[in-house]
Amino acid sequence: MTQAAAALALAFATLWLALSPACAVDAVNVRTDAPAIDLTLAAERPKTDGDRVQVSTAPGPDGIVRRIEVRGREAGNSWAVFALANTGDEQLDRLIVVPHYRMVGSGLFWPDLGLSRVVTVTPSAGERPERQDSATADVFRITLDPGSVVTYVLELRSDNLPQLYLWEPDAYKDKINSFTLYYGIVIGISGLLALFLTILFVVKGSVMFPAAAALGWAVLVYIGIDFGFWGKVFDMSAGAERIWRAIGECVLAATLLVFLFAYLNLSRWHVRYAHITIAWLGGLAALIAVALYDPAVASGIARFSLLGVAFLGFAVVVLLSTQGFDRAVLLIPTWFLLCIWTVAAGLTIAGLVTNDIVGPALLGGLVLIVMLIGFTVMQHAFAGSITHGIVSDVERRALALTGAGDMIWDWDVSSDKVYTSPETEAMLGLKRGALEGSAAKWLDVLHPLDRDRFRATLDSVIEQRRGRLIEDFRLRTPDGHYLWFTLKARPVVGSDGEVVRLVGTLTDVTEFKTAEERLLHDAVHDNLTGLPNRQLFIDRFEAVLGFAKNDPAMRPTVIMIDLDRFKQVNDSVGMAVGDSILLTLARRLTRLLKPQDTLARLSGDQFALILLSERDPGRIIAFAENIRRTIRAPITFNDREIFLTASIGLCLADAQSNRTEEILKDAELAMYHSKRIGGDRIEVFKAAMRARKSDRLTLESELRRAIEREEIKLLYQPIVRLEDRTVAGFEALARWDHPKLGRMSPAEFITIAEEIGLIVDLGMFALERTARQLSIWQRTLRAQEGVFASVNVSSKQLLRQDLIGDLRTVLARSSVMRGTLKLELTESVVMENPEHAAQILARLRELGAGLALDDFGTGHSSLSYLQRFPFDTIKIDQSFVRMSAKGTRPVILRSIIALAHDLGMETVAEGAETDSDAVELYHMGCEYAQGFVFGQPMTAEAATKMLSGDRMELAR
């Protein structure tokens, strides 16, 4: 049973061998006179799925083809099969050589970086070949008997078999020795070059020298790896060699890039080159880390990078050469050779050039290129010291003149010929030689105002025969412009004591003169509008008064213009827009003037005018009225129209006027008088105004003491309930009872209070007095417990955190009913900082204060914010209440009342002048009205009587 089973197994094995694929090869005849045979194309590459391969041997001398099976020692390997025949009568010893790395055909994408190729060699007959020691190739020694045909099966570690040679041992030894000598020479030259460049770096220290030294060391390391030198020095496995080869290529590309960047000094003028280089170097540094995991990927990218450095670098070198950069010009030959070397290397790794010596030749060429780079660097290392010490004193002075940028000016007095540097004519746009010739020829290009001075200066130096000439003058360009030059020269006196030459330098000082003129202009002109400032205005006015004394018909008029409420405009639209408005007004006013008139900007929103073109009083007033209309014309900004008015004061100077400041002060008094009585007016100065009006500084000083002296009074204007015509409350209005000027309205002192920081004290004073008076009304007049009082709050008060504490203190002291002490705020005040204002208003409302939005419709509030603000009352501006010229009221009035009711607010109409106004407002749904028809601002006593009268009416 056992013999039968064995027989059956043998039959199956024979059948399997017969049916399995096998590879038949042709034997290569090995001649005794052939030192080397290339077997790369003769080797068959059978494909197998398992760990063993079956091949058909080459026919032997007897013509029999045998089948052999070889089992692999390592899993997943490839195979190569070839056959050798010895037809001679002698026994042959040969070496099978498979190199680990070969530059030829290594590839650009995922290149083959080399490794041990052959695991083992199995012959079809005879003993197994013996592996020879070699760090750069797999070498096996074989023996071929006479008349034998042997088939060899090679177990490979990869599919790539770059080269398979059969060498005669002595010939192979000679080849290795010859290459070893070549390798030693190349490595020796490379090492000496790297060492020399390093020493050069230590001596000179410029950035290009360490870059060149780094490139030299990188080339030394790379060729040492390629020649297998480091494998002899260090114990380096095949896998480690692949990693070091990839890292070497990355470092070679990086150092080449660094040298190009440092040598051309690209970081000085070309910032974009620095950014590109840093990013490129960062990528190459990352490749070094990639090489530890996948050397093939890192090597492929490094080879692409080297290609880019060569050709892009050559383009940069050529570009800079066309711009006259000397370093780039010197580098062109060397970098051109590098591009040729790169092309040759590309053909080699692509397999288009297959010669055995091309790889070592390329590495030798790389060393040659680095040597040329070293010579180029040496030119810069020693260029400066060759001519050191051989410059004479005269040459040194000439070099100093050239370095300073000055131009030579030489006048040969005896021959009357002027010479100047070509730069002078080039700067002026003249042809070469246009300024050479007689000194009189220069008069044609000199500015007319400088000609006499130039001529007199030259004559003076010649006559005095000494001194130093320093002269500024202007020379004309062909297009009519003038450039400023400074001539510094000294006379050269001959043996006869006469001046024979005048030699010096010309310097272009146009920029300096332009800056000087700009400074002089800015010193007497306003920076924003370009108009004369106060100093220039006074100077011109003094000159006009001087002419007026000699010409009785000349009667200059000073017009002072001050914009009304311009500070509120600035607060509303911002300082930048405010400056644009002032510039617009300045241009408008300038268009009204005649050449003999002068317009100046004295301060922020104050202008002054010297009027000489009009002398008749009627025409002067008409001119001032034209100014007023011009200012009133709306200014459009961002789809908004801004309306301005101005207070205008006039003062006519006469023959007895001899003090400029007095006339200006009189015009200011007339202007302040116009502002005090409401603004948007024209007032002519009268002597009586001096007794009625103090200057601004005096007003500021007196206003600071007005509260202490109890000069600030509060008047109360009634607010009437339209349903029954009873007094519902009052608005507190401040008045200043000036001891000299009489009662002054808020328009005359509130602006001053805001500017000197007194507005907060005034607001607190009004708040305390109003709360105290409201408490008295509510306690003494029980029927009027619901009466309220309104107090205006400024922006500075609202934005202060102290307002909440101040209101809490006032309410605690007065004990008024909740919501009856109302704080009135305008739209412009709350919209300065709407988010902050919303928070402050909410806290004020929580404390028990009523909130009223004053002058509604005149500001620029947003309806979305209006819903967020906790107002309980809207005060409609009088511009929407009064009748128009056609006898109708604005259509928007009814919409405002409806909007307020929809938001849960009450309305107060300001400016009700007649009883018909009150009736119509009531029918529109307005709850309250305020105006002269119901009473003008009155004292607290009068207001109490009015409330008492209402109480008696209610009692009846």
Side-chain angles (χ1 to χ4, degrees), residues 193-194 196-198 200-201 203-219 249-285 301-346 365-388 399 402-405 422-423 426-427:
L193 182 59
F196 173 75
L197 292 175
T198 303
L200 194 62
F201 154 55
V203 173
K204 299 301 291 185
S206 179
V207 67
M208 76 171 72
F209 302 115
L215 178 61
W217 286 107
V219 171
E249 292 181 358
C250 295
V251 173
L252 179 60
T255 52
L256 197 62
L257 176 63
V258 170
F259 168 76
L260 180 67
F261 179 79
Y263 177 81
L264 295 179
N265 204 8
L266 298 180
S267 61
R268 177 177 297 174
W269 308 117
H270 307 278
V271 178
R272 61 182 182 276
Y273 292 152
H275 295 164
I276 294 173
T277 303
I278 291 172
W280 202 327
L281 288 177
L284 291 174
I301 298 176
R303 292 181 178 185
F304 268 111
S305 179
L306 185 62
L307 179 68
V309 171
F311 287 98
L312 293 179
F314 186 71
V316 173
V317 169
V318 172
L319 176 63
L320 296 181
S321 300
T322 59
Q323 298 175 1
F325 191 30
D326 292 339
R327 289 191 183 184
V329 174
L330 293 175
L331 194 61
I332 285 179
T334 302
W335 217 260
F336 180 70
L337 289 178
L338 177 63
C339 291
I340 295 177
W341 181 90
T342 305
V343 172
L366 182 61
V367 174
L368 176 61
I369 290 173
V370 175
M371 186 179 297
L372 292 176
I373 288 176
F375 289 153
T376 305
V377 170
M378 285 174 57
Q379 285 181 303
H380 291 277
F382 301 105
S385 59
I386 296 176
T387 59
H388 180 70
L399 290 173
T402 304
E423 292 85 357
M427 190 174 297

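If you read the sequence from its start, that first residue is 1, and numbering goes on from there.
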For Leu281 and Ala254 the tightest heavy-atom approach is CD2-O, 3.7 Å
All heavy atoms of Ala253 vs all of Val309, minimum pair found to be O-CG2, 4.2 Å
Between the CG atom in Leu337 and the CG atom in Leu366, the distance rounded to the nearest 0.5 Å is 12.0 Å
Rounding to 0.5 Å, atoms OG1 (Thr322) and CG (Leu320) come to a distance of 7.5 Å
Practice task
Side-chain contact test, heavy atoms from C-beta onward, threshold under 4.5 Å: evaluate it for Leu215 versus Leu252 and give yes or no.
Solution key: yes
Legend entry - Exceeds 12 heavy-atom contacts within 6.0 angstrom, atom CZ of Phe311: yes
For Ala328 and Val317 the tightest heavy-atom approach is O-CG1, 3.3 Å
Scanning both residues in full, the closest heavy-atom pair of Ser305 with Trp280 reads OG-NE1, 2.7 Å
Whether the side chain of Thr334 engages the backbone of Leu331 through a donor-acceptor N/O pair (distance < 3.5 Å, no angle test) should be reported. no
In this structure, CD1 of Ile369 is separated from CG of Leu256 (nearest 0.5 Å) by 9.0 Å
* Asked: Would you call the rings of Trp335 and Phe259 parallel, tilted or perpendicular, where under 30° means parallel and over 60° means perpendicular?
  -> parallel
dist Leu372:CG -> Phe336:CZ (nearest 0.5 Å) comes out at 13.5 Å
Scanning both residues in full, the closest heavy-atom pair of Leu260 with Gly313 reads CD2-CA, 3.4 Å
Phe314 and Cys339 have their tightest heavy-atom pair at CB-SG, 3.7 Å
